[in-house]
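The next block holds one structure in the form of structure tokens; read it before the comments.
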Amino acid sequence: MAESLKRRGAIVRAPENFLSGDQIAAVGAGRRDFLRQAMIAAAAVGAGAAMPARAAEASAGDPDILNLPPWSTTLGKPVASTPYGSPSKFETNLVRRESPGLTRVGASSVSFAPLQGLFGIITPSGLHFERHHQGWQDVDPARHRLMINGLVGTPKVYTMDDLMRLPSVSRIHFIECGANSGMEWGNVAVPTVQYTHGMLSCSEFTGVPLSVLLEDCGYERSDGHYVLAEGADGSSMTRTIPIDNALDDVIVAYGQNGEMLRPENGYPLRLVVPGVQGVSWVKWLRRIEIGDQPYGTKDESLHYVDLMPDGTHRQYSSIQEAKSVITTPSGGQQLVGQGYYTVTGLAWSGRGAIRRVDVSADGGRNWRRAKLETPVLSKALTRFNIDWEWDGAPAILQSRAIDDTGYVQPTMPQLRAVRGSKSIYHNNAIQSWAVAPSGEVSNVQVG
Ligand SMILES: Nc1nc2c(c(=O)[nH]1)N[C@H]1C(S)=C(S)[C@@H](COP(=O)(O)O)O[C@H]1N2
Ligand SMILES: [Mo]
């Protein structure tokens with residue numbers, strides 16, 4: 001009783017407590033001011049009375065919480081004071097990050113997307129991961145051209161204006177660098193999901209289907225069976241794409257999340273190759289050539305090959321197999337106490353849609369089926385979540401994706417049995433996060 005009275009007392013604390021020093025000084029300065037103050041006070045009491053007991057309790061630690069904050073009592077900023085909006089100043093920690101020492105210079109490095117802080121499936125464009133072989137450029141769209149040549153009826157050169165007159169599609173797809181999770185082949189290497197899985201992003205891309213452009217250039221199916229895509233940056237990025245792939249769902253894209261591509265992501269033109277590893281998504285795309293055999297370029301014969309246990313190299317393993325990861329709770333995070341949590345994460349497959357995601361809290365002994373959040377799209381990230389009651393004991397959280405071909409995401413030991421442990425690329429193993437009794441979450445490998 002005394003407790004609840006104390007609470008009520010706290011809630012209806014004297015109105016002047018809700019007024020700033022300035023406002024108190026203004027009281028009595030005139031009738032208008034008096035009315036204004038009375039209204040502010042009334043509103044404040046109203047707000048206070050509506051406050052749940054929990055908030056009142058919280059106020060015991062921070063008496064100031066019951067005072068009307070400046071944002072409730074002052075005029076806000078005018079429209080268009082930030083012509084291009086940016087995140088709140090309270091969110092400055094959520095940024096792309098480099099893994100120090102990964103490469104010698106930043107122009108040939110990677111920045112990882114902060115998966116631990118994102119919701120839903122779309123990566124905000126400013127947080128999209130970056131992977132450049134020779135730095136990024138802000139290419140002048142007026143001077144950019146796309147050439148289509150090789151085994152086509154009529155080779156053509158397109159301006160951006162030409163391209164933007166053609167029929168377009170907008171589709172949501174994930175892009176994952178083939179080297180994502182590549183540091184974890186031997187053992188645990190990096191602490192957070194940003195570094196283990198952050199070479200992954202998902203956007204709505206807009207552009208012209210490559211099939212439309214090839215038709216425009218008089219391509220006949222009998223002509224050639226491979227497409228070479230080339231970028232305009234200094235790295236001369238080139239990749240071979242099989243024609244079936246190219247005619248299926250490949251997009252010559254200029255749009256990303258409703259606006260033009262960001263320079264870091266290939267402005268003004270990039271190839272979108274759904275389901276295929278990032279390196280084929282050639283940025284600053286300047287040329288498409290049709291040929292009758294794979295080109296065997298440096299980016300497919302020397303790089304992006306898989307070192308197998310027998311010492312041979314596997315080439316052209318381009319499709320990103322089904323994979324998933326829990327993003328909260330994840331390495332580096334801290335549980336605030338026992339009880340209820342929503343465990344959430346992302347699942348994706350380069351072969352189609354995610355059919356099911358299972359979650360284990362005991363290192364893979366028992367699995368429960370997670371809820372898939374809508375939309376569930378082909379070759380896009382799918383968000384999953386599941387309820388979890390943490391009893392304070394050590395736990396190992398894992399997620400396992402199954403795609404609509406029936407493929408089941410392997411454990412790390414299963415993958416190593418086939419691939420060995422000296423690879424860099426195409427690690428789609430199940431990720432484990434250990435929860436300690438302290439609530440600390442860390443990256444571990446089990447089994
Ligand atoms: N022209 C060009 N295209 C490129 C690259 C590059 O360095 N130059 N990097 C490739 C690699 S390895 C990846 S993983 C993706 C990364 O795309 P993003 O920087 O938009 O995330 O772009 C690919 N396309
Ligand atoms: Mo990549």
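When a ligand or atom number is given, it counts from 1 through the structure's own listing order. This is a predicted model, so every value here is computed, not measured.
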Task: Pair Gln277-Asn180, side chain to side chain donor-acceptor pair (under 3.5 Å): steps then yes or no - done: CA-CA 10 Å; Gln277 63 176 339; Asn180 202 23; over 6 Å; no

Between ligand 1 and the protein, give all atom pairs where both partners are nitrogen or oxygen and the distance is under 3.5 Å, as lines of names plus distance to 0.1 Å.
residue	atom	partner	partner atom	Å
ligand 1	1 (N)	Asp233	OD1	2.7
ligand 1	1 (N)	Asp233	OD2	3.4
ligand 1	1 (N)	Lys283	O	3.0
ligand 1	3 (N)	Lys283	N	2.9
ligand 1	7 (O)	His133	N	2.7
ligand 1	8 (N)	Asp233	OD2	2.8
ligand 1	9 (N)	Arg131	O	3.2
ligand 1	17 (O)	Arg270	NH2	3.0
ligand 1	19 (O)	Arg131	N	3.0
ligand 1	19 (O)	Lys283	NZ	2.5
ligand 1	20 (O)	Asn265	ND2	2.8
ligand 1	20 (O)	Arg270	NH1	2.8
ligand 1	20 (O)	Arg270	NH2	3.4
ligand 1	21 (O)	His128	ND1	3.3
ligand 1	21 (O)	Phe129	O	2.6
ligand 1	22 (O)	Arg270	NH2	3.3
ligand 1	24 (N)	Trp281	O	3.2

Would you list the atom pairs, donor with acceptor, under 3.5 Å between side chains in residues 152-163 and any protein atom, with sequence neighbours excluded?
residue	atom	partner	partner atom	Å
Lys156	NZ	Asp216	O	3.2
Lys156	NZ	Asp216	OD1	3.3
Lys156	NZ	Asp216	OD2	3.3
Tyr158	OH	Asp216	OD2	2.6
Thr159	OG1	Asp161	N	3.4
Thr159	OG1	Asp162	N	3.0
Thr159	OG1	Asp162	OD1	3.3
Thr159	OG1	Asp162	OD2	3.2
Asp162	OD2	Thr159	N	2.9

Open item on the list: Using the side-chain hydrogen bond (donor to acceptor under 3.5 Å, both in side chains) criterion, which residues pair with Asp299? Sequence neighbours excluded.
Closed with: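 Expected list: none.
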
Open item on the list: Please enumerate all residues that pass side-chain hydrogen bond (donor to acceptor under 3.5 Å, both in side chains) together with Thr192, with sequence neighbours excluded.
Closed with: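 Scan of Thr192 (side-chain hydrogen bond (donor to acceptor under 3.5 Å, both in side chains), adjacent residues dropped) gives none.
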
Open item on the list: With a 4.5 Å cut-off on side-chain heavy atoms, are Gln116 and Gln194 touching?
Closed with: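 Side chain of Gln194 against side chain of Gln116, heavy atoms only: contact under 4.5 Å found.
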
- [ ] May I ask you to check whether Arg365 and Ser360 show a side-chain donor-acceptor distance below 3.5 Å?
- [x]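 There is no such pair between these side chains.
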
